[in-house]
Amino acid sequence: MIREPERKPPLFLLTGLVFGLLLGLVLTWLVWPPRVTEVGPANLAGPYRTQYRLMTALAFAASTDLGRAQARLALLGDSDPVRALSSQAQEALASSDTQREARALASLADELGAYLASMQATAEAVNTPNPGGQTASTPIEAVGEGAAYFLDDQQLTCESAEAPPYVKIFIFDLKRNPQAGVQLALSSEEAEAKFSTGQRPEMSPGYAEYPLTPGVAYTLSIQGIQMLSGLQAAACQTEEGEPAWGSWLLLFNAEE
Amino acid sequence: MGRSLILETTFLVDLEREHNRGTPGTVIAVYYGWAVRPITAANAPPTLLREDYRADYVLMVAEAFQADHNTERAIGALGFLGTEGQKYDPYAFVSDALAFGTQNGYSVVDLELLQGLLAALLEFDASFAPTPTP
């Protein structure tokens with residue numbers, strides 16, 4: 001009886017591969033790492049990050065463009081940009097030569113802190129269910145199919161007897177961050193108005209609003225897809241009991 | 001003596017085989033280590049900043065300059081982009097940022113800010129102007 005030789009799995013191939021992988025990684029990460037020529041502000045050394053933050057604050061002091069300052073600070077990757085600004089302002093305050101810098105840093109810290117707090121408060125307010133919302137006199141129907149967003153909440157707010165009725169829209173992306181630049185359209189039988197989120201960044205980057213004419217029914221589209229129809233200004237009563245036109249507060253979230 | 005020679009030869013042959021088998025792994029790892037996931041620089045100096053970040057830094061200087069019109073201060077702030085301990089050319093930094101902004105759709109307002117800073121640098125010290133090439 002002839003016994004066939006036992007076949008061994010080709011482990012030697014695997015050991016060679018592993019050996020090669022290790023050798024390659026040692027070469028590329030330790031011996032000859034690629035020469036880094038282009039980095040972002042987050043990769044800067046400590047003192048340079050400080051200077052970058054300071055320049056952001058000085059530019060903000062001149063332009064008062066909070067959105068731009070926020071975007072620049074985000075490049076530094078600070079876990080808490082407000083705290084980083086505040087502590088740098090404290091350090092600058094210690095020297096009489098850097099009072100201007102301290103003021104600019106503190107001012108940006110204050111503005112950014114207030115903005116972030118208001119954004120958080122807005123998101124909380126909009127996400128709070130309104131038990132009275134369903135009794136609103138204006139029915140709103142969702143009509144969109146294959147839409148990138150869905151209506152998560154709707155409320156009729158009754159702020160003041162003098163204020164005209166508005167549709168106030170908040171749009172959040174998949175990560176539930178306010179999303180700027182989303183194209184919106186409100187169309188009625190007579191006209192169509194196009195607008196987008198982000199035009200009132202002091203409210204929220206994902207916020208947009210448009211005045212409603214009482215008695216006119218509108219259809220709301222987001223990114224060209226119809227989302228709601230029968231949107232109308234609705235009558236309501238203020239806390240003081242005065243009759244008023246209410247504003248529709250609509251919260252849309254991105255579909256997953 | 002003979003046994004030692006055989007062992008040494010066997011070892012060298014094994015090593016060569018191992019080397020041949022390891023070649024694909026080395027190639028994969030080199031590609032991974034250099035192209036897919038290269039090590040990133042930490043504690044980098046601003047001279048390594050990418051072009052768009054450099055241009056935006058210059059724009060920040062131009063924004064601040066618009067408010068205080070202090071050219072010396074602007075020149076000092078532009079020193080951030082130079083190599084530490086070496087002479088730097090603030091005009092070149094602003095000029096490069098202006099060219100980048102023009103090519104990459106900066107707003108008219110931003111381009112005007114950069115142009116304003118460039119003009120102020122020349123006014124401050126005419127030697128900043130680039131030497132014309134014959």
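Heavy atoms only: backbone and side chains are in, while hydrogens, waters and symmetry mates are out. Just so it is clear: chains get the letters A, B, ... in the order the sequence lines come, proteins before strands, and each one is counted from 1. A quick note: this is a predicted structure, and the numbers were derived from the prediction, not measured.
- Of the charged side-chain nitrogens involved, none lies within less than 4.0 Å of a carboxylate oxygen, so that A:Arg83 and A:Asp78 do not count as a salt-bridged pair.
- Smallest separation of non-hydrogen atoms from A:Ala62 and B:Glu63: CB-O, 3.1 Å.
- Considering only heavy atoms from C-beta on, B:Tyr57 comes within 4.5 Å of A:Gln51 through its side chain.
- The candidate from B:Ala67, B:Pro46, B:Ala62 with the greatest count of non-hydrogen atom pairs under 4.5 Å with chain A is B:Pro46.
- Ranked by heavy-atom pairs under 4.5 Å with chain B, the list A:Gly46, A:Pro41, A:Ala42 is led by A:Pro41.
- The residues B:Arg73 and B:Asp68 are annotated as salt-bridged, a charged nitrogen and a carboxylate oxygen being separated by less than 4.0 angstrom.
- Interface remark: B:Asp52 contributes no atoms to any contact with chain A (heavy atom separation under 4.5 Å).
- Counting heavy-atom pairs under 4.5 Å between each of A:Gly40, A:Ala104, A:Ser63 and chain B puts A:Gly40 at the top.
- The part of A:Arg68 that comes within reach of chain B is its side chain, from C-beta onward, which places non-hydrogen atoms under 4.5 angstrom from that chain.
- Contact detail for A:Val39 and B:Ala44: the closest heavy-atom pair is CG2-CB, 3.9 Å.
- Only the side chain of A:Leu75 comes within contact range of chain B, judged by heavy atoms closer than 4.5 Å.
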